**Q** 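Pasting a structure below so you can have a look.
Worth saying up front: this structure is predicted, and the values here are computed from it rather than measured.
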Amino acid sequence: MSGWRCTGLSWPGDVPVLGWARRGGAGRGRTSALAYGTELGFRADGERHCVGARGNACPVSAVVPVRSTGARCAECARLDRAHSVAADTIADDPRTYRVYLAWFGPGMVKVGITGEARGAARLREQGAVVFSWLGRGPLMAARRTEELLRSALGVPDRIPYARKRAIRCGLPGAAERAAEIEGLYGLAAALEGAGWPEALERLPFEAVDHAGVFGLAGAGPAARVVTGLADGGVVAGRLVAAAGPDLHLRTVDGDIVVLDTRLITGWDLVAADARAGVSAPAVSVGGGGVQGGLF
């Protein structure tokens with residue numbers, strides 16, 4: 001797709017979608033829906049440039065580090081953060097928000113909030129294997145509930161992405177996954193009357209499992225994880241699974257390589273033969289951790 005830059009992976013529905021923008025940000029963008037079993041191949045061309053902020057192109061088209069998952073220069077990152085829900089700068093936001101509990105693996109549950117109009121897109125974007133809604137209401141009530149669960153139950157609002165990825169291909173069965181998040185939901189519901197904001201309506205428990213949507217049954221353990229691209233670097237293989245920003249590709253040698261698509265945003269990408277394998281910087285994975293090295 002000469003003249004187009006990747007804007008990253010999104011989950012508007014149950015199918016992952018790659019976004020593309022014209023070089024310089026002019027004109028309408030494009031999207032490419034991805035299907036499991038499809039052969040994919042990317043080659044990085046030139047330099048990696050800032051993706052801008054809030055739908056606007058970076059005014060100086062700044063070059064950004066190849067290993068950054070943000071793909072923004074310092075100024076665009078500041079502007080993007082300043083207008084995000086996470087920055088707590090929009091207390092008068094009139095929209096309805098939902099509080100959720102998201103499960104990524106045994107002992108790995110977080111609390112978070114998302115705009116009700118977005119549905120479960122935020123959960124898929126984070127790679128949540130199972131989730132349940134907890135409540136709905138104004139932004140500040142949702143924020144107070146999030147803080148209540150952190151302080152009263154010790155539930156975090158962030159989990160390092162490397163931990164989610166490391167455990168993804170060794171998960172327990174669906175019943176066990178649902179049981180752990182249901183137990184936490186019960187503890188959270190018991191907080192009503194003990195600091196639970198009156199403006200937040202509690203929603204009934206319902207475990208939504210994304211293992212099938214992500215294709216995790218066919219993923220298999222990852223042999224390597226791409227850590228960045230360089231000019232001319234290639235990542236290619238057959239798509240077997242996707243979760244959050246990650247694509248799980250089976251390469252020509254039979255290994256599973258994981259590509260975090262946040263690392264390809266801002267690059268001009270040229271189609272590459274799916275049999276080309278991988279020639280981008282990466283680390284080998286084994287024994288539950290990173291072993292290091294390039295290939």
**Q** Under the 4.5 Å side-chain heavy-atom rule for ILVMFWY, direct or indirect, which residues accompany Y100?
**A** L123, F131, W133, L203, V208
**Q** Rounded to the nearest 0.5 Å, what separation is found between the NE2 atom of H248 and the SG atom of C169?
**A** 5.5 Å
**Q** If you link ILVMFWY side chains whenever their heavy atoms are less than 4.5 Å apart, which other residues fall into the same cluster as Y161? By chain and number, please.
**A**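 Besides Y161, the hydrophobic cluster comprises nothing; the residue is isolated.
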**Q** What residues form a side-chain hydrogen bond (donor to acceptor under 3.5 Å, both in side chains) with S61, not counting sequence neighbours?
**A** H49
**Q** Identify the heavy atoms of A33 and V15 that sit nearest to each other, and give their distance.
**A**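 Closest pair (atom of A33, atom of V15, distance): CB-CG1, 4.1 Å.
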**Q** Salt-bridge test for R150 and E147: reply yes if a basic N is under 4.0 Å from a carboxylate O, no otherwise.
**A** yes
**Q** W20 and T7: side-chain donor and acceptor closer than 3.5 Å?
**A** no
**Q** I want to check something: taking the side chain as every heavy atom from C-beta on, are K110 and L101 in contact at a cut-off of under 4.5 Å?
**A**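 Answer no - side chains too far apart.
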**Q** Looking only at heavy atoms, which two atoms of C76 and G52 are closest? And how far apart?
**A**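 Looking at all heavy atoms of both residues, the closest pair is SG-CA, 3.8 Å.
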**Q** Which heavy atom of A241 sits nearest a heavy atom of G215, and at what distance?
**A**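 Scanning both residues, the minimum pair turns out to be CB-O, 3.5 Å.
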**Q** Determine whether L229 and V235 make a side-chain contact, defined as any pair of heavy atoms from C-beta on separated by less than 4.5 Å.
**A** yes
**Q** What pairs of residues pass the salt bridge (charged side-chain N to carboxylate O under 4.0 Å, His left out) test when at least one of them lies in residues 239-248, not counting sequence neighbours?
**A**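 Matches after skipping sequence neighbours: R165-D246, R168-D246.
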**Q** Flag the pair R67 / T227 as yes when at least one side-chain heavy-atom distance between them is below 4.5 Å, and no otherwise.
**A** yes
**Q** Would you check if there is a donor-acceptor pair between the side chains of Y97 and R118 at a distance under 3.5 Å?
**A** no
**Q** Can you tell me which residue among I264, D268, V63, V64 is in a side-chain contact (heavy atoms from CB on, under 4.5 Å) with R48?
**A** V64
**Q** Please list, chain by chain and in numerical order, all residues satisfying salt bridge (Lys or Arg N to Asp or Glu O under 4.0 Å) with R43, sequence neighbours excluded.
**A**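 Counting only residues at least two positions away or on another chain, R43 forms no salt bridge (Lys or Arg N to Asp or Glu O under 4.0 Å).
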**Q** Using links of under 4.5 Å between side-chain heavy atoms of ILVMFWY residues, direct or through other members, which residues join V17 in one cluster?
**A**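 Taking Ile, Leu, Val, Met, Phe, Trp and Tyr as members, V17 stands alone, with no cluster partners.
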**Q** Are any of the side-chain heavy atoms of V257 and V226 separated by less than 4.5 Å?
**A**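 Side-chain contact under 4.5 Å: yes.
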